[in-house]
Amino acid sequence: MSYIRIALNLPLDQLFTYQVSPEFKGEIEIGQRVLVPFRNRKKVGVVIEITKGKLPQKNIREIIQVIDEIPVFSQTLLKLAYWIKDYYFCSLGQILYTFYPFPYPLKLVNGGSKSLLSFYSEKRKSEKTKDKEDHSIFFLKKSDAKSSIGFCLDRIKDCQEQGKQVAWIVPEVNQIFSLEEILKKEYSGEMVTFYSRLSGRQRYDRWSKMRWGEVGLAVGTRSLVFTPFPFLGLLILEDEENPAYKQKEVPRYNAREIVTKRGEVEDFPVILTSQSPSLESWFKIDQGQWRGLLGGKKSKTPRISLIDLRQEKRQMLSELLKRKISSCLQKNQVPLLFLKHRGYAKFLLCRDCGEVIRCPNCNIGLTFHLKNLLRCHYCNYQINVPQYCPACGGRWLSPMGTGTQRLEREVHRQFPGTVIQRIDSDKEIFPISRWVEKLRRKEINILIGTRLVIKEEILSWISLTGVVLMDSLLNLPDFRATERAFQLLIRICRGMNKESELIIQTFNPTHYVLRGLGEKQEQFYLQETQIRRELNYPPFIHWERILWEGKDREKVNQVGEEMERRLREIKTEFLGPSPCPFPKLRGKYRSQLMLKIKDPLRENKILRQRIGSLLSSLSNLRVTIDVDPLNML
DNA sequence: AGCACGCCGACT
DNA sequence: GTCGGCGTGCTC
């Protein structure tokens with residue numbers, strides 16, 4: 001008698017056992033999909049273990065059908081799946097479902113072609129004799145958005161000669177097409193693009209081509225990282241710091257981590273690129289774990305002027321910025337005014353010294369609440385609004401963080417008769433080509449935008465950017481606020497056309513983010529690393545956020561207390577528990593806890609035991625865990 | 001996650 | 001009377 005253990009797409013940390021009737025014997029392989037009866041329905045599962053011998057329990061049901069003739073998932077891909085499961089706290093079945101995201105009737109046939117089959121088995125033979133390859137991680141620091149293309153093309157051509165496949169991953173769908181256009185001219189092999197917006201049929205056809213080794217080059221978004229390429233020789237991940245690489249739903253993976261892990265597991269090189277590396281990546285290069293390379297010519301630097309808002313009259317546009325806008329308009333150029341999105345998290349700023357009131361534990365800006373209260377979103381520290389600035393004793397403390405529409409009105413007033421275009425919501429930004437077309441036809445005089453407008457295609461039309469209130473970027477209640485502000489400024493600097501100018505209005509002109517612009521970028525990273533080290537923040541630890549919500553406020557609070565107790569027992573460091581920034585959402589009370597984890601793989605195991613049992617005993621609470629969250633709000 | 005079971009309120 | 005709301009429990 002033989003039976004199999006399979007993974008199902010359920011949020012359950014367990015495998016299910018089924019019996020294999022004699023008719024399927026010898027057909028079953030690990031990594032194959034099978035159709036099984038589950039409750040009163042049919043479900044697709046992936047074979048994880050095959051065991052011969054006595055059945056481990058009674059009432060084991062039989063599989064209905066073997067779906068694939070050849071396993072969809074190789075042993076190495078399964079190894080990757082196991083790693084993701086342990087790292088990101090989800091079930092094996094959920095991951096395998098994201099590896100193979102097609103509904104059941106799509107059956108993986110071998111294209112009806114024998115040649116493909118033998119192709120595949122030949123590959124398997126050669127795999128055993130293959131030499132050890134260099135699976136280093138290369139990090140390409142780009143001087144501008146496009147400077148990775150030349151470098152990567154050479155590597156892609158090398159792969160083409162060796163009959164290996166390459167996957168090039170970009171953060172956003174619209175970046176695929178411009179890259180595709182360039183690569184079409186340079187790459188002579190078969191190429192596909194891959195992204196979720198394609199129809200099911202299209203996605204499946206392209207996926208099959210990749211899977212059967214019929215294409216040499218694939219360009220796509222983050223899910224491309226899971227494609228079971230049989231001959232993968234290189235993975236490229238463009239703009240590694242982009243938060244779009246983090247999936248917001250289960251499994252909450254970051255494609256950057258998967259790419260490097262897959263390179264390690266399958267033993268091929270990986271290239272990450274960026275104009276403005278994440279601190280985590282910069283640190284790995286600095287530590288010598290990854291190999292840093294420089295791409296492109298020396299970067300251009302615009303003229304940068306800092307406006308000290310403490311010296312200015314209380315208005316949104318300084319005299320200098322207004323003058324520059326005027327001269328821009330005279331030259332028929334389009335100035336860009338940048339600001340943060342409609343401020344939802346207000347902070348309290350001292351107009352004398354330019355500092356913001358910060359949490360003494362967490363160093364992030366305290367959030368200004370109604371009723372005279374300042375609160376830390378990380379550790380729940382609270383104080384009443386002080387009368388004097390704790391840093392300089394100044395009395396003029398004012399709440400900041402609003403005013404998108406106000407700026408538009410202000411610009412209208414200052415520059416009557418001009419066409420002002422505001423771009424600040426996702427709906428409007430796509431397609432970007434619409435705005436580019438308007439810029440080309442000179443239908444816009446002044447552009448006002450949030451970070452959505454900081455795209456290469458738009459910036460190349462701009463020669464003057466005014467950052468209206470730098471402080472709203474620097475003082476967001478997120479420990480990555482300074483890093484993100486720095487990256488944004490770098491991208492603006494690199495993206496604007498030549499002989500451009502950047503004007504930054506701020507209450508804090510000596511901030512290290514601003515000193516790090518231009519030639520001294522390493523300075524910024526060194527200083528930021530120092531701060532992260534002192535506060536024990538990433539890259540020195542990993543955050544894991546546990547969030548739970550329920551209708552019963554008391555119960556939500558009790559769970560917090562119980563979790564606190566258990567975490568103390570296993571000596572895990574954590575912040576909170578504290579109510580979420582939106583403490584009541586859709587009628588449910590929400591609390592969260594932030595764990596500081598040194599070694600996720602090791603510590604998650606312990607957490608699964610200690611916290612997992614608590615969580616499963618609480619039926620009417622919904623719990624989510626996010627490893628390496630990018631958004632701490 | 002689904003899906004069934006079961007226990008309560010408001011309907012032709 | 002019963003239709004249907006959703007809290008609870010289980011899945012080889």
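Below, chain A is the first sequence line, B the second, and so on; all start at residue 1.
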Let me know the distance between [atom1] of [X] and [atom2] of [N], rounded to the nearest Å.
{"X": "A:N59", "N": "C:dT11", "atom1": "CG", "atom2": "C1'", "value": "13 Å"}
{"X": "A:N40", "N": "C:dG9", "atom1": "CG", "atom2": "P", "value": "20 Å"}
{"X": "A:D552", "N": "C:dT8", "atom1": "CG", "atom2": "P", "value": "10 Å"}
{"X": "A:K42", "N": "B:dC3", "atom1": "NZ", "atom2": "C1'", "value": "17 Å"}
{"X": "A:L621", "N": "B:dA1", "atom1": "CG", "atom2": "P", "value": "13 Å"}
{"X": "A:K555", "N": "C:dT8", "atom1": "NZ", "atom2": "C1'", "value": "10 Å"}
{"X": "A:I64", "N": "C:dC12", "atom1": "CD1", "atom2": "C1'", "value": "13 Å"}
{"X": "A:F38", "N": "B:dC3", "atom1": "CZ", "atom2": "P", "value": "11 Å"}

Distance-only side-chain donor-acceptor flag, A:T221 / A:E172, under 3.5 Å: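 Looking only at side-chain atoms, A:E172 and A:T221 do not form any donor-acceptor pair under 3.5 Å.
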Output every pair passing salt bridge (charged side-chain N to carboxylate O under 4.0 Å, His left out) with a member in residues 80-103 of chain A, not counting sequence neighbours, ordered by first then second residue.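 Sorted result for residues 80-103 of chain A: A:D13-A:K85.
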Salt-bridged, A:E549 to A:R590, with N to O below 4.0 Å?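 So A:E549 pairs with A:R590 through a salt bridge.
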Do A:E483 and A:R532 meet the salt-bridge criterion of a basic N to acidic O distance under 4.0 Å?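 A salt bridge is present here (some side-chain N lies under 4.0 Å from a carboxylate O).
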Can you tell me if A:K43 touches the phosphate of C:dT11, counting only side-chain N or O atoms and a distance under 4.0 Å to OP1 or OP2?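 Checking C:dT11 against A:K43, no side-chain N or O comes under 4.0 Å of OP1 or OP2.
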If the cut-off is 4.0 Å, is A:R41 near the phosphate of B:dG2, judged by side-chain N/O to OP1 or OP2?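 The answer is no; no side-chain N or O of A:R41 sits under 4.0 Å from OP1 or OP2.
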State whether the side chain of A:Q592 and the backbone N or O of A:P577 hold a donor-acceptor pair below 3.5 Å, judged by distance alone.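 Between the backbone of A:P577 and the side chain of A:Q592 there is no qualifying donor-acceptor contact (under 3.5 Å).
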Residues which pass side-chain hydrogen bond (donor to acceptor under 3.5 Å, both in side chains) with A:T193, listed by chain and number, not counting sequence neighbours: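 Per chain and number, A:T193 pairs via side-chain hydrogen bond (donor to acceptor under 3.5 Å, both in side chains) with A:R206.
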Interface with DNA chain B, restricted to residues 9-26 of chain A and to heavy atoms under 4.0 Å: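 Within residues 9-26 of chain A, the residues near DNA chain B are A:L10, A:P11.
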